[in-house]
Amino acid sequence: MKFQPPGTFRPQAGNGYRLLPFRFGRLPGRADEVLITGDSGRFVFLPETDFLAFAQHRLDPDTSLAMDLEGLDLLHRGGGPIPLERHVVAWRTRKAFLFDGPSLHIFVVTLRCHHSCRYCQVSRQAESDAGYDMDAATASAAVDRLFESPARQLTVEFQGGEPLLAFARIRGIVEDIVARNRSRRRAITFVLASTLHGITGEQLAFFREHRFELSTSLDGPAALHNLNRPLPTRDSHARTMTGIAAARAALGADHVNALTTLTRASLAHPEAIVDHYIEQGFTSIFLRPLSPYGFARRGLARMGYTTGEFMAFYRRALTHLIRRNLEGHVLAEAYATLLLSSILTPFAHGYMDLRSPTGAGLGVLLYDYDGAVYPSDEARMLAAEGDTRFRLGPVQTPYRDLMLSEPMQTLLAAGLTESLAGCADCVFQPYCGADPIDAHARQADVYGHRPTSAFCARQTAMFELLFGHLREGDPDVMRVFQSWVQRRRVAEIRDESPETTHAAA
Ligand code: SF4
C-alpha cells in the first residue's frame with residue numbers, strides 16, 4: 001500500500017460511500033432488527049433490510065438514512081478524504097485514561113479483620129494475628145512509587161482486612177503523602193474501605209481533615225447483612241449503621257458510600273435490598289456479584305449462583321429501582337450507570353475493571369502489607385491463595401521497572417478487547433473491557449474463552465438488558481437512565497429527548 005499522509009486514508013468506495021469500522025448484532029426477541037455500533041461508541045438500530053442495503057453499499061447516499069449513518073461515524077459519503085481528525089478526537093476521548101498512567105493506588109495496611117465473612121475475597125487474618133501489618137519502610141517505598149506514577153490526579157485507597165486496625169499506619173502514610181505533595185502538587189483523593197465498626201472520634205477528625213471518602217459494605221436489611229457478615233455478637237448490621245451515622249455526622253453524607261455483595265441468600269430479596277438503601281439515605285447502590293477469589297472461591301458451591309440466576313435478580317432490582325426513582329427517590333445502580341455512561345456519552349469512565357486496554361497495572365497499582373506490588377486487588381487475592389504470577393515485584397522496584405515487568409507484558413498482550421477473539425467482533429466491544437486476571441482466575445487462561453466465560457455471559461446479559469430498554473425508549477425509563485448518567489434528579493430530566501444523547505436509536 002502506498003504511503004498516504006494522515007487525514008487522507010481512502011478505503012475502497014462502494015455506491016457513493018465508504019463503510020467505516022462497525023460491529024453488529026441482534027438482541028434477543030428482535031430477530032428482524034440489527035444493532036450497529038461504531039468505534040466512537042455511537043449506535044443505531046436498523047431494520048434487517050436497511051442494514052443489508054447499508055453493508056452491501058446499496059444505500060442511496062443522498063437519503064436521510066445515509067446522512068444519519070454518516071453522523072454516527074458509520075459511513076463516509078462521497079470520494080473526499082475521510083475526516084480522520086474527527087475519529088481521532090473520538091478515540092482520544094474514550095481512551096483518555098491512557099494518558100494518565102496508574103491513578104488508583106491501593107495500600108493494604110493490614111490483613112487483620114474482626115469479621116469472618118462467608119464471601120471474603122482477601123483471605124483475611126484474625127484480629128490478634130501478628131505479622132500481617134505493613135511496616136514503615138514498606139509504606140515509605142510505596143509512597144515513592146505513588147509519586148513516580150505520572151497521573152496528575154491520584155486516588156489513594158486504604159484497604160485490609162480491616163484498615164482501621166492499622167490506623168497509625170494510615171495516619172503515617174497520609175502525613176507522608178501530604179508533606180511530599182507540597183512540592184509535587186498532585187490532586188489527591190483519599191479513600192478508606194472499612195466496616196466502620198468501632199470508628200473513633202479521633203479517626204473521624206483525621207478523615208475529615210483530609211477529606212476522605214469512606215466506603216463500607218451494606219448487604220441489605222439486618223437479617224441478610226448479619227447472615228453474610230457474621231460476628232460472634234451477631235450485630236454486624238447495627239455496628240455498620242452506627243459507623244455510617246458517625247461518619248455522616250463528621251464528614252457529610254456525600255462522603256460515605258456503601259457496596260453490596262450478593263450471595264445466594266441475597267437473590268430472593270432484590271426489592272428489600274433496594275428499599276433498605278433508600279431508607280438509609282444512600283443515592284447509589286452497586287449490586288455486585290461474588291468474585292471467584294479468596295474465601296469466596298471455597299464457598300461458591302454454598303453461596304454461588306449462575307449468571308442466569310444473577311440476571312433474574314438484577315432484572316427485578318432494576319425494575320424496582322426505576323419505579324422508585326420515578327416516585328421521586330434518588331438511587332442509581334452503579335454498574336448500570338457505568339455502562340450507560342459508556343453507551344450514551346463520548347467519555348471514558350473511571351472504572352478499572354471495564355477498560356481496554358485493561359485497567360490492571362495501567363490504571364491501578366496495589367501495595368500489599370508485605371511489600372509486594374500487584375496490578376490489581378484481584379491479583380493480590382490470587383497471590384494470597386499461592387498463585388503469584390501477577391506479582392510485579394517488591395515495592396522497592398522503581399515504577400518504570402514495575403511497568404516493564406514480565407506480568408505487565410502478559411497483561412498488555414491479553415488486555416485489549418479490540419484484539420481478543422470473540423470480543424474483537426462483538427457488537428458491545430466499544431463499551432466493554434478486558435480483565436485478563438479475572439479470565440485467569442475463572443478459566444486458567446489470561447486470554448479467556450468468551451463462549452464459556454461467566455464474565456462475558458454477564459456482560460452480554462447486562463448490555464442486552466440495557467440496549468433493550470434503549471430500543472424500547474420508554475420516556476420514563478429514559479429519564480431515569482439520564483438522571484443516573486447526569487447525576488441529576490429525574491424531575492430535572494423531564495424535557496430531554498433521547499436525540500440529545502450521544503447515540504441515535
Ligand atoms: S467480554 Fe463478551 S460482551 Fe464484552 S466485548 Fe468481549 S465478547 Fe463482548
Side-chain angles (χ1 to χ4, degrees), residues 21-30 33-45 74 90-91 94-95 97-98 287-292 306-308 310-311 314-315 318 333-360 362-363 376 378 410-471 502-503:
F22 70 88
R23 300 169 179 83
F24 66 96
R26 294 168 180 79
L27 297 184
R30 294 185 181 273
E33 204 170 59
V34 181
L35 170 63
I36 309 172
T37 59
D39 278 348
S40 65
R42 294 186 169 146
F43 69 90
V44 68
F45 288 95
L74 296 170
W91 265 82
R94 290 188 81 80
K95 306 288 185 183
F97 52 83
L98 281 176
L287 297 170
R288 288 188 307 172
L290 285 175
S291 301
T306 64
T307 301
F310 171 76
M311 287 307 300
Y314 190 89
R315 278 190 198 92
L318 187 67
E333 202 287 303
Y335 201 62
T337 303
L338 278 169
L339 299 182
L340 287 167
S341 300
S342 190
I343 295 167
L344 297 175
T345 80
F347 303 110
H349 58 66
Y351 192 56
M352 299 296 172
D353 295 356
L354 217 54
R355 284 183 175 183
S356 177
T358 177
L362 294 180
S376 73
E378 291 74 19
T410 302
L411 292 172
L412 290 172
L416 200 65
T417 52
E418 284 84 351
S419 64
L420 283 176
C423 296
D425 53 6
C426 170
V427 67
F428 304 125
Q429 184 275 328
Y431 324 106
C432 203
D435 194 342
I437 297 172
D438 187 82
H440 168 74
R442 294 177 192 267
Q443 299 187 300
D445 176 6
V446 286
Y447 293 92
H449 177 247
R450 251 53 64 196
T452 55
S453 158
F455 170 78
C456 177
R458 179 165 65 96
Q459 288 298 102
T460 300
M462 286 291 298
F463 284 123
E464 287 176 348
L465 175 62
L466 296 177
F467 270 107
H469 278 299
L470 293 174
R471 179 66 191 100
H502 175 56

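We count ligands from 1, going down the list as the structure has it; atoms in each ligand are counted the same way.
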Sort out for me which residue in Leu27, Leu465, Leu344 forms a side chain to side chain contact (heavy atoms under 4.5 Å, CB included) with Leu470. Leu344
Asp435 and Arg355: CA distance, side-chain angles, deciding distance, salt bridge (Lys or Arg N to Asp or Glu O under 4.0 Å) verdict: CA-CA 8 Å; Asp435 194 342; Arg355 284 183 175 183; over 6 Å; no
What class does the angle between the rings of Tyr314 and Phe310 fall in, given that below 30° is parallel, 30 to 60° is tilted and above 60° is perpendicular?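 Ring orientation, 0 to 90° scale: tilted.
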Need the ligand 1 atom indices (1-based, order shown) with element for anything under 4.0 Å from a heavy-atom of Gly422. 7 (S)
Within a reach of under 6.0 Å around CZ of Phe24, are more than 12 heavy atoms found that belong to other residues, nucleotides or ligands? no
Charged N to carboxylate O below 4.0 Å: is that the case for Lys95 and Glu418?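 The answer is yes: the pair qualifies as a salt bridge.
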If you draw a sphere of radius 2.8 Å around atom 4 (Fe) of ligand 1, how many protein N/O/S atoms end up strictly inside it?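 Under the 2.8 Å cut-off, the count stands at 1.
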Honestly, is Arg288 close enough over Tyr335, meaning NZ or CZ under 6.0 Å from the six-membered ring centre and within 45° of the axis?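 Negative - Arg288 is either too far from the ring of Tyr335 or too far off its axis.
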